[in-house]
Amino acid sequence: MKVNGVDYRTIWLAEDGWAVEIIDQTKLPHAFETHRLETVEAAAVAIGDMLVRGAPLIGATAAYAMALAMRSDAADDNIPRAHDLLLATRPTAVNLRWALAEMTALLNPLPPQQRSAAAYVRAAEICDQDAAMCHAIGEHGAALIEAVAARGTGGPVNILTHCNAGWLATVDWGTALAPIYVAHDRGVDLHVWVDETRPRNQGASLTAWELASHGVPHTLIADNAGGHLMQHGMVDLCITGSDRTTAAGDVCNKIGTYLKALAAKDCGVPFHVALPISTIDWSMGDGLKEIPIEQRDENEVLEISGRDAAGEVHTVRIAPENCRAANYAFDVTPARLVSGLITERGRCEASRQGLLDLYPEQR
Ligand code: MRU
């Protein structure tokens, strides 16, 4: 996607051909800064501290991080060391485990002198595949938006989204936002309700920035506003991303997604989830019981950052001095609350059968 007229992906190789460049997402929307990664350790910090985030991008970064690890030391024991370091950074997004499994399966059988080059090639393929899959998700999901527009109820199609599942969360295009970009580019009149997504405000700082950069009409709302909007007919459909979707169609995504799905069910608003195959955990059935939910530092809840009138970014405390906070980063929306899944292969019911119909090789 374009930033100030320049084409960007979220991750790319530096001009020297070996270091990895990323967009430092902790600086958005106030500054657009890129950041250079030279070691697997630096990549692990970038994932853990959320300079890069979003399930597909976490996986892509881990793939390049394995290449950085092999460039510095391609010995047998450095493969599990790098793998374990990266896997420990964020527990919920299964794309991380998927990308690391791809890389270790490739690297283990190779002689050490071939590992670095092969790792760079595979990491680049993973990035290209992710961008292509997200574009395909956009094509399949745009049909949902176009169908609402075709009903001709007057006014734009109103779509609610949670967190950031746009191009910043992937290598390019995004998952939940890809259908929105495709439909918008085809001229569909649409408007996006953007949940701010406390505590880290990925909606306010990333989704709103992305949509504005692409010229997509949108309005930022407090997280708790979605139910009210749905009750009053102001949302035509919800589309979110996912960090891990089980083989039975249970969807784990940013904390607060479940409450939006509950409200959508009560109000008869379709609730769709967009995801690539790398987000499906075929080994899991019951998402509520089995998906590990990341708990992050309490300061993400106790504090908030923003820019003052002079343009300086500050972090301020919003709770009493001795207050403690719980910071669950994700929740699970049971399949029964999900109207449908949008994948790179098309749309399906959020169920084991629905997924197997799209991915028969997983039977
Ligand atoms: O904690 P984050 O910012 O990594 O969480 C991101 C999300 O929850 C996204 O909705 C999800 O990764 C889907 S991304 C295409």
Side-chain angles (χ1 to χ4, degrees), residues 1 9-11 22-26 28 46-62 89-99 127 130-131 133-138 141 160-181 192 194-207 209-210 223 238-245 251-261 271-281 287 291-297 300-301 327-333 338 341-344:
M1 304 294 274
R9 282 184 169 186
T10 52
I11 187 164
I22 56 170
I23 298 165
D24 181 350
Q25 300 192 21
T26 64
L28 287 169
I47 297 171
D49 289 351
M50 295 176 63
L51 278 72
V52 285
R53 29 68 51 203
L57 179 56
I58 292 170
T61 307
T89 52
R90 297 204 65 192
T92 301
V94 76
N95 308 60
L96 175 61
R97 191 185 75 192
W98 174 86
C127 289
D130 186 68
M133 285 193 291
C134 286
H135 188 254
I137 287 170
L160 183 141
T161 193
H162 190 70
C163 193
N164 173 263
W167 72 273
L168 289 169
T170 64
V171 172
D172 208 352
W173 283 99
T175 56
L177 295 195
I180 291 170
Y181 288 132
V192 185
V194 179
D195 284 349
E196 62 177 346
T197 318
R198 278 284 291 154
R200 288 188 65 102
N201 292 316
Q202 290 95 327
S205 55
L206 304 177
T207 301
W209 180 84
E210 268 195 36
D223 283 327
C238 302
I239 312 180
T240 74
S242 172
D243 290 83
R244 189 183 300 230
T245 291
V251 168
C252 184
N253 192 48
K254 181 53 54 188
I255 193 79
T257 302
Y258 169 57
L259 292 178
K260 298 298 141 40
F271 187 94
H272 292 274
V273 177
L275 69 158
I277 185 174
S278 51
T279 301
I280 303 171
D281 188 340
I291 297 177
I293 300 295
E294 178 180 11
Q295 291 186 57
R296 295 186 59 84
D297 194 300
E300 292 182 352
V301 176
N327 188 5
Y328 294 91
F330 299 95
D331 60 25
V332 175
T333 300
V338 178
L341 302 174
I342 311 165
T343 82
E344 73 282 356

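Read the numbers this way: they start at 1 and go in the same order the structure lists the ligands and their atoms. All values below were derived from every heavy atom in this structure, side-chain atoms included, with hydrogens, water molecules and symmetry-related copies excluded. Computed from a prediction, not measured in an experiment: that's the story for all the values here.
- The only option from Val171, Asp130, Ile23 that meets the side-chain contact (heavy atoms from CB on, under 4.5 Å) definition with Ile11 turns out to be Val171.
- With a 4.0 Å cut-off on non-hydrogen atoms, Thr170 touches ligand 1 through its side chain and not its backbone.
- The nearest pair of heavy atoms linking Lys254 to Asp331 is O-OD1, 3.7 Å.
- In this structure, Thr92 has no heavy atom closer than 4.0 Å to ligand 1.
- Near Phe330, meaning under 4.0 Å from any of its heavy atoms, are these atoms of ligand 1: 1 (O), 5 (O), 8 (O).
- Between Thr175 and ligand 1, not a single N/O pair is under 3.5 Å apart.
- Proximity of Ala329 to ligand 1 is not established, as no heavy-atom distance is less than 4.0 Å.
- Near Pro56, the atoms of ligand 1 lying under 4.0 angstrom from a non-hydrogen atom of the residue are 14 (S), 15 (C).
- Atom numbering of ligand 1 starts at 1 in the shown order; those under 4.0 Å from a heavy atom of Gln202 are 1 (O), 2 (P), 3 (O).
- Listed for the Asp172 side chain is no donor-acceptor partner under 3.5 Å among the backbone atoms of Arg9.
- The closest approach between a heavy atom of Ala93 and any atom of ligand 1 is not below 4.0 Å.
- Heavy atoms of Arg200 come nearer than 4.0 angstrom to ligand 1 in no pair at all.
- Between Arg90 and Asp243 there is no salt bridge, since no side-chain nitrogen of the basic residue lies less than 4.0 Å from a carboxylate oxygen of the acidic one.
- For Ala55, a nitrogen or oxygen atom sits less than 3.5 Å from a nitrogen or oxygen atom of ligand 1, counting backbone and side chain alike.
- Here Cys163 has side-chain heavy atoms under 4.0 Å from ligand 1, and that is the only part of it that gets that close.
- Thr26 and Asp24 are linked by a side-chain donor-acceptor pair at a separation below 3.5 angstrom, with hydrogens and angles left out of the test.
- Aromatic ring orientation, Trp167 versus Trp209: tilted (interplanar angle from 30° to 60°).
- Defined by atom type and a distance below 3.5 Å, a donor-acceptor pair is present between the side-chain atoms of Arg53 and Gln25.
- Distances below 4.0 Å separate heavy atoms of Ala169 from the following atoms of ligand 1: 14 (S), 15 (C).
- Proximity of Lys254 to ligand 1, defined as any heavy-atom pair under 4.0 Å, is shared by backbone and side chain alike.
- The backbone N or O of Pro292 lies less than 3.5 Å from no partner atom in the side chain of Arg244, so there is not a single donor-acceptor pair.
- Note on Arg198 versus Glu196: no salt bridge recorded, every NZ/NE/NH1/NH2 to OD/OE distance being 4.0 Å or above.
- Atom 8 (O) of ligand 1 has Asp243 OD1, 2.8 Å as its closest protein atom, hydrogens excluded (heavy atom only).
- Among Arg90, Gln25, His162, Met50, the residue whose heavy atom lies closest to atom 4 (O) of ligand 1 is Arg90.
- For atom 9 (C) of ligand 1, the choice among Ile137, Asn201, Asn253 with the nearest heavy atom turns out to be Asn253.
- Remark: side-chain polar atoms of Ser242 are paired, donor with acceptor, to backbone N or O of Cys252 under 3.5 angstrom.
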